[in-house]
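Please read the structure below before turning to the comments.
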Amino acid sequence: MLSRRGPAAAIGLNNSTTNMKLLPKLLVAFIASVALSASLFAQTDPPKPPDTAPAAQPDLKSAKPVDAANNDTSVKPADDFFLYANGGWIKRTEIPPEYPRWGSFNQLIEQNNDALHTIAEKAASSATSQPGVSDVSKASPADIQMVGDYFTSGMDEQAVASAGIAPLKDELGRIDSIKDKNDVLKEIAHLHTLGVGVLFQFGSSPDDKDSMKVISHALQGGLGMPDRDYYTKTDDASKKLRDEYVEHVTKMLTLLGDPADKAATHAKAILAFETKLAQASRTRVELRDPQKNYNKMTQAQLQKLTPNWKWADFFKEINLAAPGDVDVHQPDFFKAVDQAVKTTSIDDWKSYLRWNLVDATASKLSDDFVNEDFKFNQTTLSGTPKMKPRWKRVVTTLNGEIGESLGKLYVADYFPPQAKARMVELIGNLKEALGERIKTLEWMDEPTKKEALKKLAAFQVKVGYPDKWRDYSLLKIDRGPYVLNTLRAENFEVKRDLNKIGKPVDRAEWGMTPPTVNAYYNPTFNEIVFPAGILQPPFFYASADDAVNYGGIGAVIGHEMTHGFDDQGRQYDAQGNLRDWWSADSAKKFKERSGAIVKQYSEYEPLPGLHVNGELTQGENIADIGGLKIAYAAFKKATAGKPQEKIDGLTPDQRFFLAFAEIWRAKIRDEDQKMRITIDPHSPAHFRVNGPLSNMAEFQKAFDIPDGSAMVRAADKKVNIW
């Protein structure tokens, strides 16, 4: 959706760099993935280049795996392994001004963006052919035309500036013409068809308890700030942020043509309206419970829940002829929606709808909208001082909107068959290691082990790119207004998404584009997915020693596999159905161990007085710890009987753990860290390294770390599930 505030549970977040755009629209709420995102919201394009460019970044492809220059030998491995492994890099690295954080993921994203930039420019200058396209990608002239035209429309800054809000004239006119509550419903439905998630979220996804069938889903939404907590917290910082939000909304409405005093009044009303929605919304921890958030209803039951909202009319307006049963994830939220329908004035509805439209499209409009959007969503919320160059933003949009057409061109030049073959081998070794680990678990009984092994054996594995590419033939992209290309792309996606309702699940579908630097586990598909974008250094080196690859991409693979058995994933069976397949005793012992992980991470304090939310980050922490252990077991099995020679004075085990630490190297601005503690289901990078390692005896032995050290948890505090 154009709305950037939907729920996500990812390696980082659902955003411009963690692109889950192509997932079944609402499935992103349940996806668990491994990456750290570079930024929460889409960054907009600057009207002018930055005054100073960031320091040049090294070419990752030519970088040395496990480079001693990244270490800080003034820090002992026994005291803080994250700083020991990455301290040298941290000392000499500045966060580029266009980023809220900077690390290995961001560096690879930048490298991939350069590749996508080259591809897009070639496509823009060629109407019929693209050098380098291979049979693997099956790119067509239509794909090349679409990528080239979309890129050209986005890069035509003069045309975007000259147009102003003219491309939105018809949409704004529709809102201005609203006369009654029926018109309000029609306009909300219409905006939904454009990917603007007004008031709530609606779309398709597999039925959690009948995973082979796609059904309708309705979820909480409608907020302009990142999370309900931004509206409900009463501390001074939260109050100040709400005041800044009102100023931001006011400015946006004035840019649409409202007088300043009227815009200010409407902005306050919008905050009050969204606050009511926030108060009725579940917390991010509550959203982690798939059983609590499964509430399938008939249309009659849904209508009884919300008597003032005419669902039949809504379905008609979004052209959904047979909505069937609807999974209403948060019923109490929809009661609040019903009250809003009953009590909100037409004037306030118009303001709220205008705000949603401009908020969703601002980054595709003229510089005044771009600058104001960036000021709040990046500088205020994340501390980012400067905007990205225009080409980077346009390339990111292309990857989000037509990512499989762009991806065809990407994999042809940047993902050789041998890389895929090596990944398939690694994944097979990791699956075998996890299977052996399950068989020997001392706390799990035999019936539960049998079910767990059945689930592991059923894992669907996707590597690199789809076997069946997305068909964009019904999507019109031209070299006209940039924002209209985006709205048409969103409308195409909404239609495609709604068309799946009532049909069998297409398990060949991908939830990320091939160039995406991320990976994910999807519980209803019971699949692990690794796009080509992440299968590059420093995560994966085609010619590096096993220690480096098992410590890097191996840990990523293990992380995603473990998500199938984390606090959420374990509740789904081999077929992807939400079903309790655990014995009471094994479930009790799992919860005891996961509770210990919650306690461990809740003790971490990334900023003074700011602790990690161990409940929110529980699933990712389980996956980090379990994934590393599984990767290590697979590494030892793969290298058994082979010479254990040192490289650069390091044993294979030392290189394994250093490679793991280096993929998480990162620096982050305080503002962004504060926001992530509220909304991100991942722990800060520092603790994604030290947390798992402090529980591993193999790590302690590899670096000869004495008991009682900071990097060795006491025996009675060590946590272990998988």
Side-chain angles (χ1 to χ4, degrees), residues 1-6 14-16 21 39-48 98 100 150 153-172 174-175 191 194-198 221-226 244-258 260 263-264 266-267 270-271 274 350-382 384 386-398 400-401 481-491:
M1 294 188 299
L2 275 170
S3 174
R4 297 166 299 194
R5 278 69 167 182
N14 177 23
N15 55 35
S16 59
K21 161 80 179 167
S39 59
L40 180 63
F41 303 126
Q43 291 191 22
T44 50
D45 314 321
K48 296 178 181 178
E98 61 198 46
Y150 206 156
S153 76
M155 290 303 295
D156 193 346
E157 191 169 5
Q158 183 175 351
V160 173
S162 299
I165 62 169
L168 297 182
K169 182 179 179 181
D170 290 345
E171 296 301 332
L172 292 168
R174 286 179 58 101
I175 296 172
L191 289 173
L194 299 179
V196 182
V198 181
L223 305 182
M225 287 193 285
E244 291 175 307
Y245 179 60
V246 169
E247 291 176 8
H248 169 57
V249 176
T250 300
K251 178 64 173 177
M252 282 294 206
L253 294 178
T254 60
L255 291 174
L256 287 179
D258 290 357
H266 287 161
I270 288 167
L271 175 65
E274 291 180 356
K350 288 183 178 182
S351 299
Y352 176 67
L353 297 175
R354 281 160 56 83
W355 157 240
N356 273 266
L357 176 63
V358 71
D359 185 41
T361 57
S363 65
K364 309 301 185 295
L365 298 175
S366 53
D367 291 344
D368 43 3
F369 289 95
V370 165
N371 292 337
E372 179 57 34
D373 184 61
F374 177 85
K375 178 183 175 184
F376 182 77
N377 287 317
Q378 288 300 316
T379 303
T380 299
L381 291 178
S382 295
T384 309
K386 290 188 177 181
M387 290 180 281
K388 291 181 179 179
R390 187 171 192 86
W391 71 263
K392 290 184 183 180
R393 291 304 307 118
V394 175
V395 161
T396 301
T397 296
L398 264 62
E401 301 292 351
Y482 184 35
V483 69
L484 294 187
N485 275 331
T486 301
L487 290 175
R488 286 195 295 266
E490 290 287 334
N491 179 247

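All values below come from the heavy atoms of this structure, side chains included, with hydrogens, waters and symmetry mates left out.
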**OP:** Give the minimum heavy-atom separation between G197 and N356, together with the two atoms involved.
**Re:** O-OD1, 4.3 Å
**OP:** Could you please spell out the steps behind the side-chain contact (heavy atoms from CB on, under 4.5 Å) verdict for V249 and L271?
**Re:** CA-CA 9 Å; V249 176; L271 175 65; over 6 Å; no
**OP:** Can you measure from NZ (K364) to CG (L168) and round to the nearest 0.5 angstrom?
**Re:** 11.5 Å
Subject >> Verdict with supporting geometry, L256 and F369, side-chain contact (heavy atoms from CB on, under 4.5 Å) >> reply: CA-CA 9 Å; L256 287 179; F369 289 95; 4.1 Å; yes
**OP:** Applying side-chain hydrogen bond (donor to acceptor under 3.5 Å, both in side chains), name anything that partners T380, two or more places apart in sequence or on another chain.
**Re:** none
Original post:
If you round to the nearest 0.5 Å, how far is CD1 of I175 from CG of D170?
Top reply: 11.5 Å
Original post:
So which heavy atom on V196 is nearest to which on A360, and how close?
Top reply: CG2-CB, 4.0 Å
**OP:** Determine whether T361 and T486 make a side-chain contact, defined as any pair of heavy atoms from C-beta on separated by less than 4.5 Å.
**Re:** no
Original post:
Parallel, tilted or perpendicular: which fits the ring planes of F376 and H248, with parallel below 30° and perpendicular above 60°?
Top reply: parallel
Original post:
Between I270 and V246, is any pair of side-chain heavy atoms under 4.5 Å apart?
Top reply: no
Original post:
Residues two or more places apart in sequence or in another chain: which of them pass side-chain hydrogen bond (donor to acceptor under 3.5 Å, both in side chains) with E171?
Top reply: H190
Original post:
Between atom CD of E244 and atom OG1 of T379, what is the distance when rounded to the nearest 0.5 Å?
Top reply: 11.0 Å
Original post:
How about D373 and N377: does a side-chain donor come under 3.5 Å of a side-chain acceptor?
Top reply: yes
Subject >> Set of side-chain hydrogen bond (donor to acceptor under 3.5 Å, both in side chains) partners for D368, sequence neighbours left out >> reply: S366
**OP:** List for me each residue that meets side-chain hydrogen bond (donor to acceptor under 3.5 Å, both in side chains) alongside Y352, sequence neighbours excluded, and say none if there are none.
**Re:** none
Original post:
To the nearest 0.5 Å, how far apart are CG in D359 and CD in E372?
Top reply: 10.5 Å
**OP:** Can you run down the salt bridge (Lys or Arg N to Asp or Glu O under 4.0 Å) pairs that involve residues 246-258, sequence neighbours left out, and say none if there aren't any?
**Re:** D258-R354
Original post:
Hey, which of K386, K392, Q378, K388 is the one that makes side-chain hydrogen bond (donor to acceptor under 3.5 Å, both in side chains) with E98?
Top reply: K392
Subject >> Sub-4.5 Å side-chain heavy-atom contact between L255 and L365 >> reply: no
**OP:** Supply the atom-to-atom distance K350 NZ to H266 NE2, rounded to the nearest 0.5 angstrom.
**Re:** 9.5 Å
**OP:** Check side-chain contact (heavy atoms from CB on, under 4.5 Å) between P481 and all other residues, then give those that pass, not counting sequence neighbours.
**Re:** P167, L484
**OP:** Please name the pair of heavy atoms, one in A264 and one in T250, separated by the smallest distance, quoted to 0.1 Å.
**Re:** CA-OG1, 3.5 Å
Original post:
Which atom pair, heavy atoms only, marks the closest approach of M252 to A362?
Top reply: CE-CB, 3.5 Å
**OP:** Could you list the residues that satisfy side-chain contact (heavy atoms from CB on, under 4.5 Å) with S153, not counting sequence neighbours?
**Re:** Y150, Y482, N485
Original post:
Between atom CD of E490 and atom CG of L194, what is the distance when rounded to the nearest 0.5 Å?
Top reply: 8.5 Å
Original post:
Closest heavy-atom contact between T254 and A263?
Top reply: CG2-CB, 3.5 Å
